[in-house]
Amino acid sequence: EGPDGGWGWVLVVAMFVSTSLVFGLMRSLGVFFVEFVQYFEESAQAISWISSIGLAAQQFFSPLGAALCNAYNTRPVVMTGGFLSGLGLILASQATCLVHLYLTMGVISGLGWGLVFTPMVATVMANFTHRRALALGLGFSSIGLSSFAFNPLFQLLVETYAWRGALLILGGLSLNIMACGALIRPECRSKGTAKLDSQSRLPCSDMLQRVSSYLEVSLLCERPYLTYTLGVTLFNFGYFVPYFHLVAHSRHVGFSEYGAAFIMSAAGVTDIFGRIVSGWFSDLGHFRVIHLLILWTVLAGVFIMLLPLSSLMGSYSALMVISLLYGFCSGALTSMVFAVVPMIMGVERMMGGLGLLQLIESCGGLLGTPLSGWLRDNTGNYVASFMVAGSFVLLGSLTMTTLPHFFSCTDPPPPKRPVLIDNSDALRLELAQKNCCSSEMNHQAVEQTKR
Amino acid sequence: MAQPSIAVSESVIIIPEVDSILLQCNLTSTYSAPQESYWMKNGEEILGTRSPNKNTEHRINRPRGDDAGVYMCVYNFDMAPPANATIEIKSAPMITGHKRSENKNEGDNAVLYCKSVGYPHPVWTWHKIDNSGIRDFDNSTGRFFISSRENYTELHIADLDINLDPGEYLCNASNIIGSYSEKSVLRVRSLLAPLWPLLGVLAEIIILVIIIVIYEKRKKPEDLQDGESTAVIVNFIWGVLVKL
């Protein structure tokens with residue numbers, strides 16, 4: 001039986017704070033972009049590359065963060081990530097040209113965010129078994145809440161201190177992630193002992209084998225993981241489209257600026273509710289998590305397709321209702337997507353698996369929005385892009401149904417990582433896992449005194 | 001050939017009670033009928049006023065400040081040069097555009113502007129408002145520069161000083177009919193201002209990390225050995241060095 005609660009709730013708070021400082025911050029950078037356009041006299045598209053590079057770096061470096069956590073402990077990795085993200089913003093405050101912003105706010109902060117997000121999520125998931133989805137839902141609800149709070153806060157900071165001062169203060173705020181990382185207790189790492197044992201210089205193939213084991217590349221050869229990743233990538237094709245295009249679509253149909261913005265805010269509120277409620281509901285155990293995931297994704301896909309249809313009738317309330325429902329479903333599916341992961345690959349491989357998942361699903365996010373923009377440019381309205389987005393989400397749900405044991409009523413046992421080491425190492429590993437940290441520290445202290 | 005003579009209605013001053021203004025031009029003596037006539041405002045033709053009449057009129061309903069200006073009725077003839085007459089519509093100036101507040105950093109350059117409507121074009125003056133009331137500011141430091149055109153004025157302040165320059169500035173437009181003024185607030189941000197909140201946040205983080213580490217050391221003394229967390233950090237650094 002795994003852990004459930006106790007220190008885990010403290011980690012949920014840490015995840016709440018760090019996720020809000022990663023994604024909530026990323027979503028609220030729009031306030032700065034207005035200032036950048038004015039100060040650097042560049043086009044809005046050149047400025048929007050900053051957040052694209054940041055998001056891409058965060059997703060690209062996720063496997064790196066996961067591998068580092070597998071190699072060393074999670075705590076130093078998250079603290080380094082927090083330091084880098086704060087450093088990137090502080091350096092950005094001294095930027096004199098746009099390329100500086102790309103490098104600091106984009107690459108350095110993105111690297112920091114990548115080192116923070118996946119390890120925090122994996123740590124929280126490792127600390128819960130029965131309440132996993134609820135813990136994740138609570139943690140992810142921070143993204144919606146912080147987007148609400150950060151937008152006016154950043155506006156206030158920019159007005160009081162100018163954008164340079166505001167970025168400086170934001171960098172300081174981002175360093176709070178280091179405090180969150182400090183809350184992560186070091187844990188027994190069977191991989192860690194296997195690594196620290198070898199002292200001599202290693203031949204290349206051995207190093208490669210260890211790196212690939214840290215990155216969990218072996219997961220790519222397993223059909224369930226591949227199916228799941230493909231499904232999530234298809235979700236990402238369609239998931240972001242409403243967030244990017246709903247406001248433009250509402251204005252296009254004829255609603256006022258404030259009406260369109262209010263729809264987005266209302267969808268954001270139901271998003272927060274959806275995350276927490278779906279987490280709580282799935283933990284009740286009445287249904288399998290994978291079935292709930294399919295339910296929420298099918299509903300989300302249907303509502304995306306209904307969005308343009310409801311506004312075609314010209315009714316504001318119909319559009320508002322569908323948007324609220326879509327917000328709820330999209331928040332609900334976010335919690336479920338991560339909660340299903342340990343069932344597919346087992347808790348030990350979760351860290352690396354999450355990292356790879358983030359990297360691969362980022363392709364969907366990167367390609368989906370330009371595709372919908374292209375569709376809109378060619379057809380003249382947003383109906384086609386919403387339809388295609390909704391169909392991608394439904395296609396992802398279909399892909400998920402091909403997962404093994406999908407139609408059974410109970411969860412199959414999670415697959416174990418293939419163990420390829422000899423007996424003495426296996427014994428040492430068992431000892432380490434049985435007595436957790438104290439025995440491992442004893443073991444390492446003994447090793448150090450031997451040298 | 002005698003110059004054609006045109007009888008015009010009088011100049012008008014726009015005041016709020018006036019509901020509509022009627023401008024009239026009558027071509028009194030001429031040797032031939034005009035081909036057409038039209039109205040111009042401030043040198044540009046008013047569209048939709050072309051007509052073949054000798055007596056032409058132009059009505060302005062609910063006149064506002066930007067209806068003021070120099071109006072001209074123009075007659076075109078087949079075989080003679082065109083003839084025109086001028087009517088002025090005057091009004092008191094009204095400031096239609098100005099920056100309510102401007103936030104700039106120390107050492108930057110600030111620009112405050114005011115736009116007005118009305119005719120005749122006003123004379124612009126700038127003043128600074130402080131505790132003792134409206135004052136002319138002294139340009140002894142040579143950092144203030146005013147450039148004014150007919151309906152537009154700009155106040156340029158170079159190299160903002162955080163002690164002398166913040167405050168309210170008044171732009172005043174006056175002509176023979178009346179005058180109007182608007183206030184703009186200038187705020188100067190200190191370059192060192194954001195450092196205080198930053199130091200506060202850094203101090204908070206350091207205190208939090210110290211509290212967390214101390215709490216962890218105290219909470220499980222039986223599970224943790226002395227210097228457990230330092231052992232983790234030492235292992236991490238050692239592992240990095242091995243990789244190097």
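Order of the sequence lines sets the chain letters (A, B, ...), proteins ahead of strands, with each chain counted from 1. All of these numbers come straight from a predicted model, not from anything done at the bench.
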| query | Please, which pairs that meet side chain to side chain donor-acceptor pair (under 3.5 Å) have at least one residue in residues 186-209 of chain B, sequence neighbours excluded? | reply | B:Asn103-B:Arg187, B:Asn105-B:Arg189
| field | B:Arg64 atom CZ: more than 12 heavy-atom contacts under 6.0 Å | value | no
| task | Determine whether more than 12 heavy atoms belonging to other residues, nucleotides or ligands lie under 6.0 Å from atom CE of B:Met40. | result | yes
| said: Taking atom NZ as the centre, does B:Lys41 end up with more than 12 heavy-atom neighbours from other residues, nucleotides or ligands that are less than 6.0 angstrom away? | reply: yes
| message | Checking an interface table here. Which of residues 160-169 of chain A come within a heavy-atom distance under 4.5 Å of chain B? | response | A:Thr160, A:Tyr161, A:Ala162, A:Gly165, A:Leu168, A:Ile169
| query | Roughly how far, to the nearest 0.5 Å, is CD1 of B:Ile206 from CE of A:Met178? | reply | 9.0 Å
| Which atom of A:Ala182 lies closest to which atom of B:Val209, heavy atoms considered | CB-CG1, 4.5 Å
| task | Please look at A:Val158 and chain B and tell me whether the side chain, the backbone, both or neither of the residue comes under 4.5 angstrom of a heavy atom of that chain. | result | backbone
| request: Start with the C-alpha distance between A:Leu175 and B:Val201, add both sets of side-chain angles, then the distance that settles side chain to side chain contact (heavy atoms under 4.5 Å, CB included), and finish with yes or no. | output: CA-CA 9 Å; A:Leu175 290 176; B:Val201 171; 5.9 Å; no
| message | I'd like to know whether CZ of A:Phe83 has more than 12 heavy-atom contacts from other residues, nucleotides or ligands below 6.0 angstrom. | response | no
| Of all the residues in residues 175-183 of chain B, which have a heavy atom that comes within less than 4.5 Å of a heavy atom in chain A? | none
| query | Which heavy-atom pair separates B:Ile212 from A:Ala179 by the least distance, and what is that distance? | reply | CD1-O, 3.4 Å
| task | With sequence neighbours excluded, tell me which residues meet disulfide (SG to SG under 2.5 Å) with A:Cys180. | result | none
